[in-house]
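What follows is a short report on a single structure.
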Protein chains: 2
Amino acid sequence: MTARRPTIDDVARLSGVARTTVSRVLNDGPNVRDEVRARVMEAVKALDYKVNPQARSLAGGGSRLLGLVFASDLESEPNSFYHSALELGALRGCLELGYQLVTRHIPLQSADRQQQVYDLIAIQRCEGLIFTPPYSDDAPLIAEVLRRGCKVVSISPGGAGRGLADGVGMDDEAGGYDIARRLIELGHRRFAFMGGIEGHLSADRRLDGLMRALQEAGLGQADLIQVRGDFTFRSGVELTPRLLDDPLHPTALVCANDDMAAGALSVVHGRGVKVPQDLSVTGFDDTPVSAIVWPPLTTVHQPLKDMGRRAVALLASRLTGGRSEAEPEFDCLDHAVVERGTAASAP
Amino acid sequence: MTARRPTIDDVARLSGVARTTVSRVLNDGPNVRDEVRARVMEAVKALDYKVNPQARSLAGGGSRLLGLVFASDLESEPNSFYHSALELGALRGCLELGYQLVTRHIPLQSADRQQQVYDLIAIQRCEGLIFTPPYSDDAPLIAEVLRRGCKVVSISPGGAGRGLADGVGMDDEAGGYDIARRLIELGHRRFAFMGGIEGHLSADRRLDGLMRALQEAGLGQADLIQVRGDFTFRSGVELTPRLLDDPLHPTALVCANDDMAAGALSVVHGRGVKVPQDLSVTGFDDTPVSAIVWPPLTTVHQPLKDMGRRAVALLASRLTGGRSEAEPEFDCLDHAVVERGTAASAP
DNA sequence: GCCTTTGTTGGAAGCGCTTCCAATTCACGA
DNA sequence: TCGTGAATTGGAAGCGCTTCCAACAAAGGC
């Protein structure tokens, strides 16, 4: 009934090596024989040992400070759940791994935005930075930050961000595919898609997935009408009539995010169309709004909290693990279709 | 250009005392002359010294683990922004103060819910617990937790929770008053109030505030029509027609939370009533939904993140500070009316 | 005036970990 | 066979803090 958690010395004792060696194994250090490494790992497992992040960071030196960079401005402000969820995940990761976090909102329109990022490194002494879109695709910025010796993780990088630094995100194409598959299973054959602003790669890939599902079902361009919104509730409101009045008479409306779906829903209600009996509507992201509207929105869950946490983990592995010079890696997290009340059998 | 942060030894040296004494001052310990205490504090200020939470928690022993308890069940699930924001704030606090956090969702309907809370203390070894509503008003539970030597902070305690343990929240009465004042300033004289479920003290106090503002303006019961919803979007949808069709013809609709206001908005749109020209609508809480609807919702900001952080700070001061046996204290945080687009001059 | 009590301060031992550096082993080529 | 360098391992010194315990001063009690 001893409550004390095992320490590194317990592991060292059990595996018959010095504390130093255990530390090396734990940090993926070099110069440890495989046999010894295995023995240590075994002891770790046997004791259910977990490193004490506090002790590690005390001893490890360095600032142990990470930065989370948002491009908040009036346009992205509404999305504050996005920010909160990412930060929440990042904080959880930091607490687990013994890092500190500073969250910084740097408006895109500020002229010295690069400098503000560099200050995070030079003045605050951040050892790693997490960039959210659109910073996650700012190749010159990322390159310069890396050049200054600061590690980088991009959240949902589109084109430029990939390959330059580590990244975290979900498979948007598969998300679009999955939700479309589900609707096809429910008997839908005529679709409408409400996309996002041009150039937003994430949303475009969602459409790609939808198209793939349609093709697999023997459907094509003729069975789909699409429009582009700007991710806001308002654009959902404005664009929905065009979709409803189209001669195609879609029975399923797939939206590239939840906010637009919510806008669509409000218009549909106003017209007396029953959801989901007459029309199925789906969102994307699984933000709180999806649970708030009526009927609650069937959507695709994007694991924002996990993304934040994974971003920190990637940074940590660059900073202490053996990955410090490894090839950039993209960590693709699982998504899931969340069935609520807006998708049902085609009328 | 030395980057190193000052340590406790720097403070000790500058103030000419031993490290031990500085530590005592920093932790509100007893047995330090006022003169010495002042000298140390001066040095702290001069050096801009901040304790290193990692080191403190390493040396301090104890689990340094806090628990955040939610009563998530199907009914409160939609409110997940509430959870996220509180946890986010709590995590920020933990990072600052060197604590760990476990977040636990314990359904109200689970028969062994008390046991699950006690396990948090006995098995996980939490040193402090943060209770959210309705746990924050569960007096027997709180009393038992305290009896077991675990500190408690209640979030938004209503009746029973106050006085038993420390609490954090906002002044709901003042919030209701402020939003009503604003509407009165805008010339409104006929009001509708959409409240929450019976017994939800927080929402009731918001109504109290509204009434006070009305009375101050020479208005009374006759100028107000009220209904009770259940905080969901759906109840907003269902109740709004009753309000609009009332012979009072209110020009301002005050809702006890944002979700119901969003529901009201969608009904109002459907009827062709213009917001805010024909009708002003206000929410409460300033959750993301308020920025997502159209027009964006004028609402009262509830500082959820700060509440989470303050809760941790209170716990910390109980655990290490001199407050370990002090009288319970209620920490009332500032709220603010957030003017967006749904409140304008009365027609 | 001496002894105990109370209040105040400092010394020193860690908390659990990383890391510098020295020690040891091993595999080679000379 | 011996020397050399590389690979592997261990010893020990802290990281910045709390806390136990001893030391000392001031204040009462006889």
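So that the names make sense, note that chain A is the first sequence line, chain B the second, and so on, each numbered from 1.
Atoms CZ (B/R5) and C1' (D/dC15) sit 13 Å apart, rounded to a whole Å. One atom, CD1 of B/I8, and another, C1' of D/dT18, lie 8 Å apart when rounded to the nearest Å. Atom CG in A/D10 sits roughly 13 Å away from atom C1' in C/dC15 (whole-Å rounding). When rounded to the nearest whole Å, the span between CG of B/D9 and C1' of C/dA12 equals 13 Å. Remark: C1' of C/dA13 and CG of B/L58 are 14 Å apart, rounded to the nearest angstrom. One atom, CZ of B/R13, and another, P of C/dT9, lie 20 Å apart when rounded to the nearest Å. Rounded to an integer number of Å, the gap from CD of B/Q54 to C1' of C/dT18 is 14 Å. Atom CZ of B/R39 is separated from atom P of C/dT8 by 14 Å (rounded to the nearest Å).
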(message) Could you go through A/R39 and A/E42, starting from their C-alpha distance and side-chain angles, then the distance that decides it, and tell me whether this counts as salt bridge (charged side-chain N to carboxylate O under 4.0 Å, His left out)?
(response) CA-CA 5 Å; A/R39 193 141 43 89; A/E42 202 173 302; over 6 Å; no
(request) Let me see the working for A/S23 and A/I8 under side-chain contact (heavy atoms from CB on, under 4.5 Å), right down to the final yes or no. (result) CA-CA 8 Å; A/S23 174; A/I8 194 172; 4.0 Å; yes
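Side chain of B/S156 to main chain of B/G169: no donor-acceptor pair is present (N/O by atom type, distance under 3.5 Å, no hydrogens or angles). Listed for the A/R64 side chain is no donor-acceptor partner under 3.5 Å among the backbone atoms of A/Y99. Remark: the backbone N or O of A/T7 is paired with a side-chain donor or acceptor of A/D10 at under 3.5 angstrom.
Listed nucleotides: D/dT18, C/dT18, C/dT9. Nearest to the side chain of B/N31: C/dT9. Of the candidates D/dT9, C/dG16, C/dG10, D/dT9 carries the atom nearest the A/V36 side chain, counting heavy atoms from C-beta on. You'll find that the side chain of A/A18 is closest to D/dG10, out of D/dA7, D/dG16, D/dG10.
Residues forming a side chain to side chain donor-acceptor pair (under 3.5 Å) with B/D112 (at least two apart in sequence, or on another chain): B/Q116. Applying the side chain to side chain donor-acceptor pair (under 3.5 Å) criterion to A/Q114, with sequence neighbours excluded, gives no partner residue. In this structure A/D171 satisfies the side chain to side chain donor-acceptor pair (under 3.5 Å) test with no other residue, sequence neighbours excluded.
Within the structure, ring pair (Phe, Tyr, Trp, His ring centres under 6.0 Å) contacts touching residues 45-70 of chain B (residues at least two apart or in different chains) are B/F70-B/H83, B/F70-B/H105.
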Short N/O separations, protein against nucleotides 19-26 of chain D, under 3.5 angstrom:
from   : atom 1 : to    : atom 2 : distance (Å)
D/dT19 : O4     : B/T20 : OG1    : 3.4

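Of the residues in residues 45-53 of chain A, none lies under 4.0 Å from DNA chain D by heavy-atom distance.
Close to C/dT18, at under 4.0 Å from its OP1 or OP2, lies a side-chain N or O of A/R56. For B/R33 and C/dT9, the shortest distance from a side-chain N or O to OP1 or OP2 is below 4.0 Å.
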